[in-house]
Chemist: 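Here it is: the structure, laid out below.
Letters A, B, ... are given to chains in the order of the sequence lines, protein chains preceding strands, and every chain is numbered from 1. Every heavy atom of this structure was used, including side-chain atoms; hydrogens, water molecules and symmetry mates were not. Since the structure is predicted, the reported quantities are computational estimates derived from the model, not experimental observations.
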Amino acid sequence: MHKRLNNEAETLDFAKEFSARLKPGDVLALSGDLGTGKSVVARAVMRALGVMDEALPSPTYTIIQEYEGRGCRIAHMDWYRLEGADELEAIGVREYFQSPWICLIEWPERALDLLPDETIHLSLQCVEDNLEARLAELTP
Amino acid sequence: MNILGIETSCDETAAALWQTMDGKGRILAEKVASQIDTHARFGGVVPEVASREHLAVLPILAQQVMQQAGLTWSELDGIAVTAGPGLMGALLVGTAWARGAACVNNIPVLPVHHMEGHLLAPGLDHELPPFPFVTLLVSGGHTLLVRVDGIGRYVQLGQTIDDAAGECFDKSARLLGLPYPGGPAIAKLAENGDAKRFALPRPMLNRDNLDFSFSGLKTAVMYAVHKMDDMDEQTRTDMAASVEAAICEVLVSKSIRACRQTGSKHLLIAGGVAANRTLRHLLETQSENSGISVHLPRPEHCTDNAAMIAYAAAKRLEKGLAFPDKWDARPRWPLEELSKT
């Protein structure tokens, strides 16, 4: 599914909307260049899933941030600084691919092979004619 | 009292010896091996690589500081080691080594919270000011304001709700095509730049609280870069200066606000970003107007080092604060938990 999101508010609504289909055991892979809004979407999803923490710090340095949601736990990851599947295996990311976890992964390209087959992919990209607009592609 | 400090929580391997004698303390020896060169090609720290490097370097560094200080292992009163927060694999190298060395030499191993080390680091170079004081801890992974009521008594006043200030430097640098680490690269370029050329946002400045947010600033940099078809060298230089000014202004005004709100006359700065000269300069001028004295560690004590770990442990021992018998390396370890023990 392709969708044009004209501004951040529409991006937030879109994130909230598809969060409703997420359940424990799901993995959401968020692709897109620096600044396309991967973290904005991840934070909106976490809010929609009931995360109450005031601060949702970036996982860029810590690789994994864990949260408590409504009836689930959420792992927010950033694989940018990793080199490949071996390193991810070493830090035990597979544990997060099952219930009670819902796993949100930024920069999944670092180790696509490691993702479960059922992974939901969301990619975001900028649009030529409007700085704030994004094109979102959601599969499946 | 002689304490050997060990730090391996991220991409610096470090060992140092702190001595307290007749109420006066000093660093006998210190060494830091940085992995920045190794990590530069990845644009950041790589956990697995980091662990392997720590393992190769730590025993050598520890031996070197012992020799430099002219101490034998039997003269040590304890081995202080960063137990968290940090990367699990990296922490395990330091804690396992410290436990082994302490066991062999029959001395206690003292687990230290990495941030407590940073919070007290200005005390390595000058006496700590009277409590309570405010510390701004600002690095790649952290941006927080803490009220320090005493050794082991910390109250978090504010923090970043998304990206850390150092991360904003790194990501802005990436957008400008500059190398890792981004902070020094931007600072170097900014020296000759016009900080007023680009009107970047000052996130959270008008909010009354002491929290920070830098993710929107990074996006503003991206938009400004996208708007230009081609970025010439002067534009890049001016953008670097504008980014640096935006980050530093927010850090300084929130820190001074924290001092005002808590009635503190002393502001300490710690963490890697504290080495930034624009930040140091702005702090010194702004705080003078507000009657606040600023305490800055030497640049090498702003970034990760082992002297601060040995020092924090020594201060805890002097205070009679207990170290736990049973403990494990903790990748996540909220600072507030320290005040509960």
Chemist: A quick test of your reading: do over 12 heavy atoms of other residues, nucleotides or ligands sit less than 6.0 Å from CD of Glu10(A)?
Modeler: yes
Chemist: Of all the heavy-atom pairs spanning Gly35(A) and Met222(B), show the shortest one and how long it is.
Modeler: O-CE, 3.1 Å
Chemist: Could you pull out the closest heavy-atom pair between Tyr223(B) and Glu132(A), with the gap in Å?
Modeler: OH-CA, 3.8 Å
Chemist: With a 4.5 angstrom heavy-atom cut-off, is it the side chain or the backbone of Lys171(B) that approaches chain A, or both, or neither?
Modeler: both
Chemist: Kindly give the heavy-atom pair with the smallest separation between Glu167(B) and Thr60(A), and that separation in Å.
Modeler: OE2-OG1, 3.0 Å
Chemist: Heavy-atom distance under 4.5 Å to chain A: side chain of Ser213(B), backbone, both or neither?
Modeler: neither
Chemist: Pick one: which of Asn209(B), Asp211(B), Ile161(B) meets side chain to side chain contact (heavy atoms under 4.5 Å, CB included) with Glu54(A)?
Modeler: Asp211(B)
Chemist: Using every non-hydrogen atom in the two residues, find where Cys126(A) and His226(B) come nearest and quote the distance to one decimal.
Modeler: SG-CE1, 4.2 Å
Chemist: Counting only heavy atoms closer than 4.5 Å, note whether Met88(B) contacts chain A via side chain, backbone, both or neither.
Modeler: neither
Chemist: What residue, out of Thr219(B), Leu175(B), Thr160(B), Thr143(B), has the most heavy-atom pairs lying under 4.5 Å from chain A?
Modeler: Leu175(B)
Chemist: Would you mind telling me which of Ala164(B), Gly140(B), Gly141(B), Pro331(B) has the largest number of heavy-atom pairs within less than 4.5 Å of chain A?
Modeler: Gly140(B)
Chemist: By a 4.5 Å heavy-atom criterion (distance strictly below it), what part of Gln159(B) contacts chain A: side chain, backbone, both, or neither?
Modeler: side chain
Chemist: Is it true that atom CZ of Arg207(B) has more than 12 heavy atoms of other residues, nucleotides or ligands lying nearer than 6.0 Å?
Modeler: no
Chemist: When rounded to the nearest 0.5 angstrom, what distance separates OG in Ser58(A) from CG in Asp163(B)?
Modeler: 4.5 Å
Chemist: Going from CG on Asp170(B) to CG on Leu34(A), what distance comes out if it is rounded to the nearest 0.5 angstrom?
Modeler: 10.5 Å
Chemist: For Met52(A), I'd like to know if atom CE has over 12 heavy atoms of other residues, nucleotides or ligands within 6.0 Å.
Modeler: no
